[in-house]
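Beneath this line is the structure, given in structure tokens, with notes to follow.
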Amino acid sequence: MHVRPTSRSAERRLFEQVWLEGRLEEHLDAVYGDRCDPNAAVGPADAPALTYTKLGLARAAGRISRASGRGGGTAAPGRLLLRLAPRAIATMAARLRDGVVLVSATNGKTTTARMLVSILEADGRRVVSNRAGANTHWGVSTALAEGAGDIGVFEVDEAWLPLLAEQMRPRLLVLGNLSRDRLDGYGELERLVCLWRTLLRSAGAAPMVVANADDALLTGPGGVLDGASLHSILFGLDDERAGSAAPEHPHEAPHCARCGHRLEYTRAFVGHLGHYRCDGCRRSRPAPDVRAIAVDERGLEATRATIALPGATFAVSLAQPGLHNVHNALAATAAAVTLGAGPEVIRAGLQSVRPPFGRSETIGVQGRTVHLCLVKNPAGVNAMLRVLEAHRRRHPLHLWLALNDGAADGRDVSWIWDANFERLGGQPAAVTCSGRRAGELAVRLKYAGWNCPFEVDENLDTSFARALMRAPQSLIALPTYTALLGLRAVLNRRGVVVSDWGTTARSAA
């Protein structure tokens with residue numbers, strides 16, 4: 001276990017490795033340990049100050065990155081700026097007149113943030129946001145440097161959240177869910193629960209928090225919010241027809257974090273999210289303030305929901321499919337209510353939101369419809385498999401799956417054995433496995449009973465091309481994160497624009 005740096009040289013190394021190189025995963029204990037000030041990771045208090053010249057250099061770096069085609073310029077400007085002025089994030093965040101909202105979750109934070117931004121813009125607010133999904137300090141710094149507005153809405157990686165909250169002092173935290181993800185980097189869930197629980201009792205805590213009532217890790221006994229003194233607004237699903245009678249494998253929170261009794265469920269929605277109770281503590285899932293009282297899932301095409309607020313109810317049609325996106329919409333709605341938006345504005349914002357990069361994004365390629373759906377952990381895969389099960393009732397399933405093991409994906413890909421691929425056993429019409437770990441993925445699907453025409457090809461370009469030609473009308477792409485980036489490059493070379501990735505930065509520059 002890491003211990004607190006004991007010398008200036010050790011603190012300097014921590015600052016360089018975490019803040020300048022972005023290697024937080026390797027140093028979680030050193031940054032967040034009981035005896036260590038997290039601010040040691042962002043440089044000394046007398047670090048070089050932010051100037052207009054430094055801002056200009058960072059913006060120029062973004063223009064060069066985008067012009068060169070090496071990327072969308074979503075991190076390079078922020079990376080340079082934090083080298084020039086390590087505490088630039090705190091300085092820039094303090095200039096936002098209406099404050100900062102930070103959105104974090106294992107799954108859905110990009111979509112939730114995009115939904116909230118859409119609502120606030122429908123309400124006439126000028127919003128600064130890291131819209132392209134770059135959710136560490138570099139992406140946040142880039143958005144602040146290149147954006148202009150009155151309020152900031154930033155999605156933040158789960159482990160980076162406490163560190164960035166210390167810098168940005170948000171007015172509102174939006175906590176969506178926690179589930180296992182990148183175990184080789186963040187470890188088991190208890191570690192993140194502890195980080196978030198500590199955050200809510202620290203100087204970086206917001207005066208208000210929006211949280212998922214259906215997640216026992218957040219709102220259950222011994223969860224993140226248990227014992228916190230700040231004001232909370234809760235959201236959750238209240239349609240007993242949705243979901244299933246019990247959580248499917250993997251069950252992230254089988255036991256009460258306080259007394260150890262097994263949690264009982266009357267309804268489960270996505271992973272371990274649902275209506276839970278602990279008979280030992282005699283506590284149950286709290287009643288949400290913002291609720292979905294009716295949900296109609298329609299496969300990949302849309303999801304309809306009726307949302308109840310304190311004093312108002314409205315129906316909304318979401319372009320994003322699945323129960324998981326209903327949770328995302330509820331999180332954005334609860335945050336918007338807290339920020340003063342009315343029900344009609346919320347409804348208009350939710351219905352006009354464009355899908356974020358690769359998150360249930362639909363594009364046209366060579367006369368076919370392609371659905372791009374990022375998957376990165378068992379809970380996320382299971383949510384999409386549920387959507388596909390409903391979708392196949394109307395359309396044959398032609399699937400292209402790509403599994404990579406890059407740093408952003410997690411080096412350990414054993415998580416695919418925890419995803420419930422058996423749910424679609426025998427149902428796909430054709431399957432292509434691609435990415436660096438295509439072979440392992442194909443073995444997993446064979447064990448899941450996917451007895452259909454199979455192709456295994458690690459090359460993203462050639463495998464996608466053949467899968468597209470084989471699909472008569474539509475192809476569903478399920479890549480992990482770096483495979484999604486690789487597919488985007490493949491499509492761009494073919495002249496296909498798959499999202500507005502980088503648009504905000506380009507317009508600001």
Side-chain angles (χ1 to χ4, degrees), residues 92-105 108-131 140 143-144 147-156 161 164-165 168-176 200 204-213 218-219 225 228-236 238 286-293 305-318 325-354 504:
M92 293 185 291
R95 295 174 181 173
L96 292 170
R97 184 189 67 191
D98 296 331
V100 167
V101 179
L102 298 184
V103 179
S104 195
K109 51 186 173 287
T110 304
T111 300
T112 298
R114 177 68 66 94
M115 288 174 166
L116 179 56
V117 169
S118 181
I119 294 169
L120 294 179
E121 289 180 339
D123 200 33
R125 320 278 185 98
R126 296 194 309 144
V127 186
V128 179
S129 182
N130 51 342
R131 300 170 194 248
V140 170
L144 285 165
D150 303 315
I151 187 170
V153 176
F154 303 98
E155 65 154 300
V156 180
L161 178 64
L164 286 171
M168 304 179 79
R169 300 302 169 100
R171 63 180 289 186
L172 177 66
L173 288 174
V174 182
L175 307 180
L200 297 190
M208 297 186 69
V209 60
V210 165
N212 193 339
L218 298 182
T219 57
L225 268 66
S229 58
L230 44 71
H231 183 58
S232 61
I233 304 294
L234 304 183
F235 64 90
D238 267 359
D289 305 284
V290 174
R291 306 174 293 140
I293 56 177
T306 301
I307 297 178
L309 314 176
T313 301
F314 63 90
V316 63
S317 180
L318 303 172
N325 278 312
V326 176
H327 269 125
N328 296 336
L330 290 171
T333 297
V337 169
T338 303
L339 296 171
E344 284 304 314
V345 167
I346 294 172
R347 180 178 180 273
L350 290 176
Q351 294 199 153
S352 65
V353 66
R354 294 178 59 191
T504 300

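Residue numbers count from 1 along this sequence. Values in this document were obtained by computation on a predicted structure and should not be read as measured data.
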Taking the side chain as everything from C-beta on, heavy atoms only, tell me whether [X] gets closer than 4.5 Å to [Y].
{"X": "Val101", "Y": "Leu116", "value": "yes"}
{"X": "Arg169", "Y": "Val100", "value": "no"}
{"X": "Arg125", "Y": "Val117", "value": "no"}
{"X": "Leu175", "Y": "Asn212", "value": "no"}
{"X": "Val174", "Y": "Leu102", "value": "no"}
{"X": "Ile307", "Y": "Val316", "value": "yes"}
{"X": "Leu96", "Y": "Ile151", "value": "no"}

Return yes if some donor-acceptor pair links the side-chain N/O of [X] with the main-chain N/O of [Y] below 3.5 Å, else return no.
{"X": "Arg131", "Y": "Arg114", "answer": "no"}
{"X": "Asn130", "Y": "Glu155", "answer": "yes"}
{"X": "Thr306", "Y": "Ile293", "answer": "no"}
{"X": "Asp289", "Y": "Ile233", "answer": "no"}
{"X": "Ser104", "Y": "Val156", "answer": "yes"}
{"X": "Thr313", "Y": "Ala308", "answer": "no"}

Which residues pass the salt bridge (charged side-chain N to carboxylate O under 4.0 Å, His left out) test with Asp150, sequence neighbours left out?
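Here the qualifying residues are Arg97, Arg126.
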
Show your reasoning for whether side chain to side chain contact (heavy atoms under 4.5 Å, CB included) applies to Leu234 and Val290.
CA-CA 6 Å; Leu234 304 183; Val290 174; over 6 Å; no

Pro343: partners by side-chain contact (heavy atoms from CB on, under 4.5 Å), with sequence neighbours left out
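With sequence neighbours excluded, Pro343 shows a side-chain contact (heavy atoms from CB on, under 4.5 Å) to Leu309, Ala312, Phe314, given in chain and number order.
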
Over all heavy atoms of both residues, which pair between [X] and [Y] is shortest? Give the atoms and the distance, please.
{"X": "Ala334", "Y": "Val210", "value": "CB-CG1, 3.7 Å"}
{"X": "Val128", "Y": "Gly147", "value": "CG2-C, 4.1 Å"}
{"X": "Ile346", "Y": "Ala341", "value": "CD1-O, 3.8 Å"}
{"X": "Leu230", "Y": "Ala206", "value": "CD2-O, 3.4 Å"}
{"X": "Ala143", "Y": "Phe154", "value": "CB-CE2, 3.9 Å"}
{"X": "Thr112", "Y": "Ala332", "value": "O-CB, 3.8 Å"}

Starting at CG of Asn325, measure out to CE of Met115 and round the result to the nearest 0.5 Å.
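One finds 5.0 Å between CG of Asn325 and CE of Met115.
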
Say you draw a straight line from CG of Leu120 to OG of Ser129; how long is it, rounded to the nearest 0.5 Å?
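With rounding to 0.5 Å, CG (Leu120) is 9.5 Å from OG (Ser129).
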
Scan residues 335-352 for pairs that pass side-chain hydrogen bond (donor to acceptor under 3.5 Å, both in side chains), counting only residues two or more places apart or in two chains.
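Sorted result for residues 335-352: Ser118-Ser352.
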
For a side chain to side chain contact (heavy atoms under 4.5 Å, CB included) check, start with the C-alpha distance between Asp98 and Leu339, then their side-chain angles and the critical distance, and finish with the verdict.
CA-CA 10 Å; Asp98 296 331; Leu339 296 171; over 6 Å; no

Dump the intermediate steps for side chain to side chain contact (heavy atoms under 4.5 Å, CB included) on Leu200 and Leu225, then the final yes or no.
CA-CA 8 Å; Leu200 297 190; Leu225 268 66; 3.8 Å; yes

Salt bridge or not for Arg354 and Glu121, using N-O below 4.0 Å?
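Here Arg354 does not pair with Glu121 in a salt bridge, since their nearest N and O are not under 4.0 Å apart.
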
